[in-house]
Amino acid sequence: QVQLQESGGGSVQPGGSLRLSCTVVGNTYRSKCMGWFRQAPGGEREGVGRINTGGGAAAYADDVQGRFTTSRDNAKNTVYLQMNSLKPEDSGMYYCAWYRAIPGHWCYSTPSKYDYWGQGTQVTVSS
């Protein structure tokens, strides 16, 4: 059974940093598009960043470009989302998700393209 185990959420003041982790358990596909998504209360789930574990550069939503970085550790089957210079509008439930991908191929930002989802981790940015 495929599972995604997320961790790293919490509360932080504006300007602070957090690092989220997402480990895929029960899957051995080398190339996966791993995406990070954010959902504020009453809002839609929106893409934040994504990366292909089989190679290629990460991509980000415009409002987090330069502040968030996603990276991969294929040996651990884990991806990370480093979030710096956090703003109150970054608050929400953060989810990781994946789908099987072609090595090096670009990844979709649309949630409906992703097949497997984690349970989510809460991020709250407030003073």
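Reckoned from all heavy atoms, side chains included, excluding hydrogens, waters and symmetry mates.
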Look only at the side chain of Asn77 and the backbone of Val24, and say whether a donor-acceptor pair between them is shorter than 3.5 Å. yes
State whether the side chain of Tyr114 and the backbone N or O of Tyr108 hold a donor-acceptor pair below 3.5 Å, judged by distance alone. yes
Does atom CD of Glu44 have more than 12 heavy-atom neighbours, drawn from other residues, nucleotides or ligands, at distances under 6.0 Å? no
Would you mind checking if Arg100 and Asp115 are paired as a salt bridge, meaning a charged N to carboxylate O distance below 4.0 Å? no
Would you indicate whether the side-chain heavy atoms of Thr124 and Val12 approach each other to under 4.5 Å? no
Determine yes or no for a side-chain-to-main-chain donor-acceptor pair under 3.5 angstrom, with Thr78 supplying the side chain and Lys76 the backbone. yes
Main-chain N/O of Val125 paired with Asp90 side-chain donor or acceptor, under 3.5 Å: no
Between Thr121 (side chain only) and Tyr94 (backbone N and O only), is there a donor and an acceptor less than 3.5 Å apart? no
To the nearest 0.5 Å, how far apart are OG1 in Thr53 and CZ in Arg72? 7.5 Å
Hey, is the main chain of Ser85 close enough, under 3.5 Å, to the side chain of Arg67 for a donor-acceptor pair? yes
Give the ring-plane orientation class for Tyr95 versus Trp117, where under 30° counts as parallel, over 60° as perpendicular and anything between as tilted. perpendicular
Quick one: do Arg38 and Asp63 make a salt bridge, cutoff under 4.0 Å? yes
When you measure from the side chain of Asn52 to the backbone of Trp106, do you find a donor-acceptor pair of N or O atoms at a distance under 3.5 Å? no
Val25 versus Thr23: any side-chain heavy-atom pair under 4.5 Å? yes
Rounded to the nearest 0.5 Å, the CD atom of Glu46 sits from the CH2 atom of Trp36 at a distance of 15.0 Å
Looking at Phe37, is Arg45 sitting on its ring face, NZ or CZ under 6.0 Å from the six-membered ring centre and within 45 degrees of the normal? no
Please check this pair: side chain of Glu6 against backbone of Cys96, looking for a donor-acceptor N/O pair closer than 3.5 Å. yes
Within 6.0 angstrom of Tyr99 OH, more than 12 heavy atoms from elsewhere: yes
Cation-aromatic face contact Arg50/Trp98, 6.0 Å, 45 degrees: no
